[in-house]
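Each chain gets a letter, A, B and so on, in the order the sequences are listed, and its residues count up from 1. For the numbers below, each heavy atom of this structure counts, side chains included, while hydrogens, waters and symmetry mates do not.
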Number of protein chains: 2
Amino acid sequence: MGSVRTQPGSVRPGGRTARVRAAVLRAAGDALVENGVHGLDLADVAFRAGVGKTTVYRRWSSVPGLVADLLDDMAEQSLPRSDTGSLLGDLTANARLVRTTLADPRQGVLFKAVIAAATCDARTAEALNRFYTTRVNEWAPCVEAAARRGEVPPDTDPHEVIRAVSAPLYYRLLASGDPLDEAAADRAAAAAAIAAREGAYARTER
Amino acid sequence: MGSVRTQPGSVRPGGRTARVRAAVLRAAGDALVENGVHGLDLADVAFRAGVGKTTVYRRWSSVPGLVADLLDDMAEQSLPRSDTGSLLGDLTANARLVRTTLADPRQGVLFKAVIAAATCDARTAEALNRFYTTRVNEWAPCVEAAARRGEVPPDTDPHEVIRAVSAPLYYRLLASGDPLDEAAADRAAAAAAIAAREGAYARTER
DNA sequence: GAACTAACGAAACTGGAGTCCCGTTATGGG
DNA sequence: CCCATAACGGGACTCCAGTTTCGTTAGTTC
């Protein structure tokens with residue numbers, strides 16, 4: 001429905017509108033990293049973006065609205081998928097990519113902030129779901145390949161396996177506070193690979 | 001350090017002080033469920049608790065401060081641990097308990113709100129870590145028992161196994177938005193049990 | 001049970017996030 | 001190139017979360 005995005009439905013998608021969106025989203029990311037969602041002031045974002053605060057309020061209306069648009073923007077920046085020839089290799093590559101992202105001071109804080117925003121606002125939550133669906137879809141093929149190679153049962157749910165790799169890393173980031181080191185990433189990948197091999201992620205029949 | 005808690009360091013831990021804390025924490029939980037962290041107004045909490053708003057601001061000073069105290073209070077309410085005689089049985093019981101909690105309309109929202117608050121505030125994050133450490137410690141013995149029974153390698157890290165059970169459920173709650181049904185809980189438990197049996201959660205030597 | 005004071009409560013105050021109004025700029029169509 | 005209007009910008013305004021002040025209540029101590 002009424003997405004804030006500029007490209008598709010905008011009446012006048014010309015240069016200025018797109019420039020403003022890019023500048024504001026960039027500024028929003030910076031401000032989010034520095035102050036978190038709670039301390040996000042749209043007037044401050046406007047100032048950083050070199051834009052009038054009225055503009056920010058008019059187009060995004062609120063903090064969750066802005067964060068949701070930021071998420072849609074993030075989803076478009078696709079990350080390269082590895083293909084190492086083995087499921088464990090691919091999952092390890094994925095786990096290390098996720099852990100590097102979350103352990104990065106800037107991106108880690110950004111992800112935390114975005115998840116926090118999603119817990120408050122339904123539209124942001126939908127945007128977050130879209131984001132993760134996109135990411136999981138990008139990596140699902142490596143599980144399908146493993147199924148073709150006979151490494152995992154044919155009824156394995158690829159999405160479930162990919163999610164199983166990320167889940168422990170996000171748990172550390174958000175809940176437990178344990179260090180997000182490479183050992184944790186490798187362990188998450190290994191556990192998911194073993195459980196997948198043993199058929200723990202069989203598609204639920206309905 | 002300067003905890004807000006009443007019992008230990010308080011100069012005057014008498015009846016009224018404790019009553020006020022109980023009423024405010026109760027009201028805070030209700031308000032959190034209804035409005036989320038972003039919509040949490042301390043004046044509203046005070047009104048619900050039948051207490052002056054000055055009191056709430058004085059003792060907890062801010063929303064994160066109040067949430068952190070609420071978490072410490074939640075950590076004290078221990079949940080019963082099962083002992084079914086097998087690791088899979090115990091982990092399944094744990095997974096179902098967690099999923100029932102998170103799927104409950106009230107508690108699920110509360111947990112989301114609390115996690116969101118922790119991403120913003122360091123003290124709240126510490127309180128959240130304490131909370132999960134407490135919960136994980138309560139369930140770790142069932143992995144130790146499994147190790148004694150020879151179900152898993154002796155160098156298995158019990159905490160890591162318990163966390164592995166919860167992680168996928170929290171991932172669903174916060175990120176993916178997939179349904180938190182019992183099948184998801186059972187799958188999480190089964191995957192953790194299998195991975196543990198195969199030695200994926202061996203203690204990292206240092 | 002009287003005095004001391006920690007902790008509470010009511011009400012006035014303040015600052016800044018978010019809104020409104022209206023004039024200005026810059027796309028897009030013809 | 002010119003008009004129509006979508007989109008932007010500055011500044012005044014509003015409203016309420018959070019603070020301050022000061023008087024009141026109720027644990028605690030002797």
Note to self: Whether B:Arg123 and B:Glu126 form a salt bridge (side-chain N of Lys/Arg under 4.0 Å from carboxylate O of Asp/Glu) is what I want to check.
What the structure shows: no
Margin query: Using the side-chain heavy atoms of B:Thr17, tell me which of these nucleotides is nearest: C:dA11, C:dC21, C:dA7.
Written below: C:dA7
Item checked: For A:Glu34, side-chain hydrogen bond (donor to acceptor under 3.5 Å, both in side chains) partners two or more places apart -> A:Arg48
Notebook entry, point to check: Can a salt bridge be assigned to the pair B:Arg163 and A:Asp178 using a cut-off of 4.0 Å between side-chain N and carboxylate O?
Noted result: yes
Next item on the list: Classify the ring geometry between B:Tyr170 and B:Tyr132 as parallel (under 30°), tilted (30 to 60°) or perpendicular (over 60°).
Entry: perpendicular
Margin query: Just verifying a value: how many Å separate B:Arg135 CZ and B:Leu97 CG, rounded to the nearest 0.5 Å?
Written below: 8.0 Å
Notebook entry, point to check: Looking at side-chain heavy atoms only, is the closest gap between B:Arg172 and B:Pro179 below 4.5 Å?
Noted result: yes
Next item on the list: Let me know the distance between CG of A:Asp44 and P of C:dG18, rounded to the nearest Å.
Entry: 12 Å
Could you go through nucleotides 22-25 of chain D and list every protein N or O atom that sits under 3.5 Å from one of its N or O atoms, giving the distance for each pair?
| unit_1 | atom_1 | unit_2 | atom_2 | d |
| --- | --- | --- | --- | --- |
| D:dT25 | O2 | B:Arg16 | NH2 | 3.3 |

Check: Would you say the base of C:dA7 and the side-chain of B:Thr55 have a donor-acceptor pair closer than 3.5 Å?
Finding: no
Check: If you take atom types as modelled and just measure distance, does the side chain of A:Thr54 reach the base of D:dG10 with a donor-acceptor pair under 3.5 Å?
Finding: yes
Notebook entry, point to check: Salt-bridged, B:Glu76 to B:Arg130, with N to O below 4.0 Å?
Noted result: no
Note to self: Less than 4.5 Å apart, side chain to side chain, heavy atoms only: is that true for B:Arg21 and B:Asp73?
What the structure shows: yes
Notebook entry, point to check: Residues from residues 22-34 of chain A sitting under 4.0 Å of DNA chain D, heavy atoms only?
Noted result: none
Next item on the list: Estimate the overall bend of the helix from C:dG1-D:dC30 to C:dG30-D:dC1 from the end axes over five pairs each, rounded to 10 degrees.
Entry: 50°
Close N/O contacts between protein and nucleotides 14-17 of chain D (under 3.5 Å):
| unit_1 | atom_1 | unit_2 | atom_2 | d |
| --- | --- | --- | --- | --- |
| D:dA17 | OP2 | B:Asp41 | OD2 | 3.3 |

Check: Is there a side-chain polar atom (N or O) of A:Arg19 under 4.0 Å from OP1 or OP2 of C:dT27?
Finding: yes
Item checked: NE2 on B:His159 to CD on B:Glu144, rounded to 0.5 Å -> 7.0 Å
Margin query: Between P on C:dA17 and CG on A:Leu66, what's the gap in Å once rounded to a whole number?
Written below: 15 Å
Note to self: Using the rule given for side chain to side chain donor-acceptor pair (under 3.5 Å), can you reason through A:Ser82 versus A:Asp90, listing the C-alpha separation, both sets of side-chain angles and the distance that settles it, and then say yes or no?
What the structure shows: CA-CA 6 Å; A:Ser82 300; A:Asp90 291 350; 6.0 Å; no
Notebook entry, point to check: Got a second to check how far B:Asp121's CG is from B:Leu128's CG, nearest 0.5 Å?
Noted result: 11.5 Å
Check: Partners of A:Tyr57 by ring pair (Phe, Tyr, Trp, His ring centres under 6.0 Å), sequence neighbours excluded?
Finding: none
Margin query: Quick check for you: to the nearest 0.5 Å, what is the distance between A:Ser61 atom OG and A:Asp69 atom CG?
Written below: 10.5 Å
